[in-house]
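Only heavy atoms go into these numbers, but all of them, side chains included; no hydrogens, no water, no symmetry mates. The sequence lines fix the lettering, A, B, ..., with proteins before strands; numbering per chain opens at 1. All values reported here derive from a predicted model rather than from experimental measurement.
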Amino acid sequence: MENAVKNQKKVNLSLKQYGMVLALIAVYLIFAVITGGKNMAPMTVNNIIMQNGYVIILGVGRLICVLSGNVDLGVGSVVATCGAVAGTLIVDYGVSSPLAMLASLAVGLLFGAFVGFFVAKLEIPPFIVTLATMLMGRGICYVILQAQTKGPLPADYTWVSTGFLPTIKIGAAADGTGGVYLICLIIAAVIAVLVVMGDIRGQKVAAKNGLPTIYTWQLAVKDAVIIGIETFFFYKLGCYNGIPIMLILVAIVVAIYHFITTQTVAGRQIYAMGGNAKAARLSGINTQKVFFWVYANMGLLCGLAGIVLSARNASATPKAGDGFEMDAIASCYIGGAATSGGVGTVIGAVVGAFIMGILNIGMSLAGFDTNVQKIVKGAVLLGAVTMDLLGKRKKK
Amino acid sequence: MKPTLKEWFGKEVTQLTLTLRIGCAVYLIYLAWELRGSVLAGDIPFLLAALAFFVIGAALGTHSLVKLIRREYTVPSSPEEEEETA
């Protein structure tokens, strides 16, 4: 027994999967220095979530599309149209907010099904179909809104993007200033415990099955970094207004799609099609059905992003969603979908979205000119491309 | 021995990687287009940046598109195989 323990093979922690997390920390710290710590303020940390929730939602949907080997250029237009439908129903027809939200989701799903039908059934290249929806969607949006901005939207609609979970504050002064919202501390503690327990369980299972285990000190360092990040994050949220509803929404979306892509047959089918669609079809996967649902799903998430964006702006605008396709694809790429050997993950897309979000907010706080911001974004993208190319070459 | 350009880009890429590279190439060209105002105003740094983005984006996009059309990509290996070769 003692020999078995002594002979337990140990391996180093694979840093490849945490490369983007380290990049996220590095970007954040760089901007902390540039902005003099402004990006560490509670309000800024809160804004990272509030202003980038839609990027994460679209990034997840975009990742599913790309994993199946396809693209969707119409994302921005569909987001704008869904927001326009919800806004018009509320402002012009007095429809209740929940119904308007359902309508927005339905319109997104309809767009997605439209694209899915042409791509899956008629086998028209996705580039062509989604280019068409990009143009049509924008046109429909302008027609619905009559080139105007519809607003203001009511509080029970904007609550999705601007509301916070009810909670109690501890440590506040008599006048109510200072203090931390309790729920944030509780969530931070729960996550810390889950992280540590997850690793302990993983090590036990590996040891039990005779598999190599990771050096304990490396796991301890990794856990310390992750717990440090999440504690900092939730503490800052707790110093502001608590947990934003947007964070709950994004966490639910990420959890669902992480589960689908890692634990379900559907997820494996999507990965299989992205690797080799012909082989996937020959192995019995109904590729038409999968393609259809991938695009229908993208449409649904566009509907959700449309709700989030119009709620954040408290209005529906014809120019909403401009350039969203770019932010979503950059999130997927920077998050490691291309640097990890082609096996993209939902978590990677989320990390990529956070990197983009921190970049955007950091540059705004630092007062960078908009053109300079574009150069920085381009440079970051070039860095990711370089890592991708170098990574492939080093493997050889 | 220095790798050739062909070896540099390598053949160990997946369909996913090529698709994303095309997306990034489009983004770089889009950024170059967005910088046209400063370029027309004659700002040299912006001109150089726009040129770099356009050239790299066009090269990356074209190369990736050609590989995608010619199906010059591999099926992703399993995570266990990736760790062994890393």
Chemist: Quick check for you: to the nearest 0.5 Å, what is the distance between A/Asp199 atom CG and A/Ile214 atom CD1?
Modeler: 7.5 Å
Chemist: Identify which part of A/Leu381 has an atom lying under 4.5 Å from any heavy atom of chain B, answering side chain, backbone, both or neither.
Modeler: side chain
Chemist: Please flag which part of A/Asp369 lies under 4.5 Å from any non-hydrogen atom of chain B: side chain, backbone, both or neither.
Modeler: side chain
Chemist: Can you say whether B/Tyr30 sits under 4.5 Å from chain A via the side chain, the backbone, both, or neither, judging by heavy atoms?
Modeler: side chain
Chemist: Rounded to the nearest 0.5 Å, what separation is found between the OG1 atom of A/Thr345 and the CG atom of A/Leu63?
Modeler: 7.0 Å
Chemist: Where the side chain of A/Arg138 meets the backbone of A/Leu135, is there a donor-acceptor pair that is under 3.5 Å apart?
Modeler: no
Chemist: Is a side-chain N or O of A/Asn297 found less than 3.5 angstrom from the main chain of A/Trp293, in a donor-acceptor match?
Modeler: no
